[in-house]
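Below you'll find the structure, written out as structure tokens, and then a few comments.
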There are 2 protein chains.
Amino acid sequence: MSDSSKKRLRGDALRKTVLETTLRLFSDNGYFNTSIHDIRREAGVSIGAIYHHFRNKEALAQCLYDDLLQRMSVAISEVVEERTGCREQCRGIIALLFDLTVEEPRMMQFVLLAKHREYLPDEPPICSSQPFSMMRQVLEQGIESGEVRTIEPWVAATAMFGGALRMMSLELDGTLDRPLPEYLEQVLDCGWRAVKV
Amino acid sequence: MSDSSKKRLRGDALRKTVLETTLRLFSDNGYFNTSIHDIRREAGVSIGAIYHHFRNKEALAQCLYDDLLQRMSVAISEVVEERTGCREQCRGIIALLFDLTVEEPRMMQFVLLAKHREYLPDEPPICSSQPFSMMRQVLEQGIESGEVRTIEPWVAATAMFGGALRMMSLELDGTLDRPLPEYLEQVLDCGWRAVKV
DNA sequence: GTCTATAATCCGATAGAC
DNA sequence: GTCTATCGGATTATAGAC
């Protein structure tokens, strides 16, 4: 990222580099352990350039958060729309989450595990964000269609995806000894047994 | 807590008050949004008294964390030891966790949901702490005794408790409309279906 | 053991040149 | 649009009186 060989960045390219560097630093070290000067140094740009593109540090975090949440929303809704049946939709979502956790761990760390409300005071809890809302809807439709037992939607959603989310945390903590996607079938099977009729 | 009517605290009582105030502030506002001056003001003591009892801010957080983790460990091991059978032990653990979430939300917020590694760099991930280790052991014994299917212990533990932990997060975020303990039977039932033979 | 006052440092944000 | 230099303020931690 901070290759000294790169020529000076400008405009949108600079803005993109700043966002990528910020994700890396926020994800690895946390929001409060990352100063604007750290971002400046790692991104190879100036303080002034950062403040030209982002009102302040909080706005930078907000922008990053919105971007990533939007990307996750799109990815999940694609997976849901191209499949039919609650079980297959759940499988697609968990497979996507597991793949993203391996391929873009920092994105998952920042979006799913960070405590945003500590530095984005007006942000609603992550459970009310669109990705989580879609997961819940999948379960609700499963209940309507008779694939899933008639239980509280919140309970159904947490039972189906709670284990998968914990496994993602374990992967990001470096606790698992095998690659996360290898656990997919077992995790999905457990979740489905929990909610199926 | 910061009753102006209270007489001046000294020694262990002061130390205890500082820890209680710190838990409240760290839990409500986060470690980095809480200054030593905030603690001083809210606890009704002086900066000097705080630094007399704790080497620095990080040591204060470490002390609080160790205390609470120890309390949780004791509570969980008591529940496990006074019950027999994997299912009953799991029920006891989840019931305890749900009760604690309602009665001591700040403790649960700080112990289970905070990102300690951002300010306690040498702390291992929460999943390797004693409470989580005991939960895993309960599932492993269930596999040995034939009550639980033969699956990866990590998968079994996350399947059994992952939903409960997500429900606790929802409660702490104020998302649930009914008291958390009312969901106990449904959550336990889902977890058990996920792992039983 | 507790207090007040202050030192030393760091950070977010701004000003103004180019 | 990007840069450098710097300001004002907040924070952690210490010094030294009581």
Report task. Could you tell me which residues satisfy ring pair (Phe, Tyr, Trp, His ring centres under 6.0 Å) with B:Phe98, sequence neighbours excluded, listed by chain and number? Result -> none

Report task. Figure out the CZ/P separation between B:Phe32 and D:dT12, and round it to whole Å. Result -> 10 Å

Query raised in the report: Could you give the start and end, 5' to 3', of the contact zone on DNA chain C for chain A, using atoms under 4.0 Å from its heavy atoms?
Result: C:dC11 to C:dT14

**Report entry** Side-chain donor-acceptor contact under 3.5 Å, B:Glu123 with B:Gln62
**Finding:** yes

Query raised in the report: Which pairs, with at least one residue in residues 56-92 of chain B and sequence neighbours excluded, count as a ring pair (Phe, Tyr, Trp, His ring centres under 6.0 Å)?
Result: B:Tyr65-B:His116

Query raised in the report: How many Å lie between CZ on B:Arg55 and P on D:dT12, as a whole number?
Result: 16 Å

Report task. Give, ordered by number, those residues of residues 46-54 of chain A having at least one heavy-atom distance below 4.0 Å to an atom of DNA chain D; if nothing qualifies, reply none. Result -> A:Ser46, A:Ile47, A:Gly48, A:Ala49, A:His52, A:His53

Contacts under 3.5 angstrom, residues 124-131 of chain A side chains, donor-acceptor by atom type, not counting sequence neighbours:
from: A:Ser128; atom 1: OG; to: A:Pro125; atom 2: O; distance (Å): 2.8
from: A:Ser129; atom 1: OG; to: A:Ile126; atom 2: O; distance (Å): 2.6

Query raised in the report: Does B:Tyr119 have any ring pair (Phe, Tyr, Trp, His ring centres under 6.0 Å) partners at least two apart in sequence or in another chain, and if so, which?
Result: B:Tyr31

Query raised in the report: Can you tell me how far P of D:dA10 sits from NZ of B:Lys57, to the nearest Å?
Result: 15 Å

Report task. Rounded to the nearest angstrom, tell me the gap between atom NE2 in B:His37 and atom P in D:dG9. Result -> 16 Å

Report summary line: So the salt bridge (Lys or Arg N to Asp or Glu O under 4.0 Å) pairs with at least one residue in residues 54-72 of chain A (sequence neighbours excluded) are A:Arg71-A:Glu104

Query raised in the report: Of B:Val45 and A:Thr34, whose nearest nucleotide on DNA chain C comes first from the 5' end?
Result: B:Val45

Query raised in the report: Is there any ring pair (Phe, Tyr, Trp, His ring centres under 6.0 Å) pair reaching into residues 154-197 of chain A, and which pairs are they, with sequence neighbours excluded?
Result: none

**Report entry** With B:Tyr51 via ring pair (Phe, Tyr, Trp, His ring centres under 6.0 Å) - residues at least two apart
**Finding:** none

